[in-house]
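Structure first, then comments.
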Amino acid sequence: SSVSDNFFGMGKELENLILENTELLATKNALNIVKDDLIAKVDELSSEQEILREEITSLQTSKGKLQERIKQLEEEVKKSREELEKKNQAGREEGGEEDDVPMAQRKRFTRVEMARVLMERNQYKERLMELQEAVRWTEMIRASREHPGELNTKKKSSVWNFFNNLFSSS
């Protein structure tokens with residue numbers, strides 16, 4: 001009976017080892033799948049990193065070229081301004097003959113200057129209207145003094161009487 005107990009104990013131990021081995025194989029397979037996924041992800045990220053490095057290099061090259069172009073354009077602008085200033089000084093020394101200068105190259109007004117000119121124009125228009133109104137009033141007063149009967153036939157309002165008295169008293 002002790003042999004059969006020994007045999008039974010070893011069979012149980014063997015079953016436990018086989019079960020544990022099966023579980024370890026399943027775990028090993030799962031880890032291999034995860035490992036393969038991680039290796040694929042590392043490869044993907046490595047290639048993406050290489051592409052980005054190449055892009056960085058390309059962009060740095062473009063940046064350098066553009067900075068050089070900016071310097072060239074700034075120098076051109078500086079030269080153009082100097083030439084323009086020389087031409088403006090020469091034009092001032094000659095007396096500024098604007099008749100010979102084409103319209104596109106003549107000095108233009110700034111917004112502030114244009115606003116000032118328009119404001120002055122509007123003030124002059126307002127003053128003109130005031131003077132025209134004053135002339136009408138003086139003509140009416142003169143007509144009322146020369147022909148007092150003609151105006152009396154029309155019905156005068158109190159406003160007309162007020163202005164008539166105002167201008168006739170002076």
Side-chain angles (χ1 to χ4, degrees), residues 30-31 33-170:
L31 287 174
I33 291 172
V34 170
K35 178 191 76 161
D36 291 343
D37 288 346
L38 288 174
I39 289 173
K41 189 68 174 174
V42 167
D43 287 343
E44 180 184 333
L45 291 175
S46 295
S47 63
E48 190 175 321
Q49 183 182 28
E50 186 60 33
I51 290 171
L52 291 174
R53 281 189 180 142
E54 290 173 5
E55 268 188 59
I56 288 173
T57 305
S58 171
L59 290 173
Q60 287 174 338
T61 304
S62 296
K63 179 183 173 187
K65 289 178 183 177
L66 290 173
Q67 284 176 333
E68 186 62 34
R69 180 72 177 138
I70 287 172
K71 287 179 185 176
Q72 290 173 351
L73 290 174
E74 285 175 345
E75 289 175 18
E76 285 181 32
V77 167
K78 185 178 177 183
K79 288 177 185 177
S80 297
R81 284 185 180 158
E82 289 172 358
E83 289 176 17
L84 179 64
E85 188 62 33
K86 287 177 185 176
K87 287 181 181 180
N88 284 342
Q89 285 180 346
R92 285 185 213 127
E93 291 171 2
E94 290 177 8
E97 297 176 18
E98 284 196 17
D99 294 338
D100 297 340
V101 179
M103 259 319 246
Q105 293 178 355
R106 287 188 185 172
K107 183 180 179 193
R108 294 190 172 83
F109 293 107
T110 64
R111 287 178 187 242
V112 173
E113 291 171 330
M114 188 58 74
R116 184 182 50 80
V117 167
L118 291 174
M119 189 174 69
E120 286 178 8
R121 182 200 66 179
N122 290 340
Q123 288 174 345
Y124 286 132
K125 276 186 175 181
E126 188 178 331
R127 182 72 178 131
L128 173 68
M129 286 189 256
E130 289 172 0
L131 291 173
Q132 286 174 338
E133 187 68 23
V135 167
R136 276 192 222 105
W137 274 106
T138 51
E139 286 178 359
M140 282 182 49
I141 292 170
R142 184 176 46 82
S144 69
R145 286 184 184 159
E146 290 177 5
H147 308 287
E150 289 179 19
L151 272 180
N152 286 339
T153 59
K154 297 179 183 175
K155 187 175 182 181
K156 291 185 179 179
S157 69
S158 61
V159 175
W160 287 102
N161 287 331
F162 171 75
F163 280 105
N164 192 23
N165 290 337
L166 181 70
F167 283 107
S168 63
S169 64
S170 56

ask   = Can you pull the salt bridge (Lys or Arg N to Asp or Glu O under 4.0 Å) pairs that have at least one residue in residues 130-139, sequence neighbours excluded?
value = Arg127-Glu130, Glu133-Arg136

Distance, nearest 0.5 Å, that separates CG of Leu52 from OG1 of Thr57 = 10.5 Å

Spacing of CD1 belonging to Ile56 relative to NZ belonging to Lys63, to within rounding of 0.5 Å = 12.0 Å

query = Could you state the interatomic distance from CD (Glu126) to CG (Leu131), rounded to the nearest 0.5 Å?
reply = 11.0 Å

remark   = Of Glu48, Gln49, Arg53, Glu55, the one forming a side-chain contact (heavy atoms from CB on, under 4.5 Å) with Ile51 is Glu55

Value rounded to 0.5 Å, distance of CG in Leu38 from CD1 in Ile33 = 12.0 Å

message = Between Lys65 and Arg69, is there a side-chain heavy-atom distance shorter than 4.5 Å?
response = no

query = Can you tell me how far CG of Leu73 sits from NZ of Lys78, rounded to the nearest 0.5 angstrom?
reply = 14.5 Å

task = May I ask you to decide if Glu54's main-chain N or O and Ser58's side chain share a donor-acceptor pair within less than 3.5 Å?
result = no

request  = Walk me through it: do Lys79 and Glu75 pass the test salt bridge (charged side-chain N to carboxylate O under 4.0 Å, His left out)?
outcome  = CA-CA 6 Å; Lys79 288 177 185 177; Glu75 289 175 18; 5.1 Å; no

note = Rounded to the nearest 0.5 Å, the CH2 atom of Trp137 sits from the CD1 atom of Ile141 at a distance of 7.0 Å

Residues Glu83, Lys87: salt bridge by 4.0 Å N-O rule = no

request  = Mind checking side chain to side chain donor-acceptor pair (under 3.5 Å) for Arg121 and listing every partner two or more places apart, or none if nothing turns up?
outcome  = none

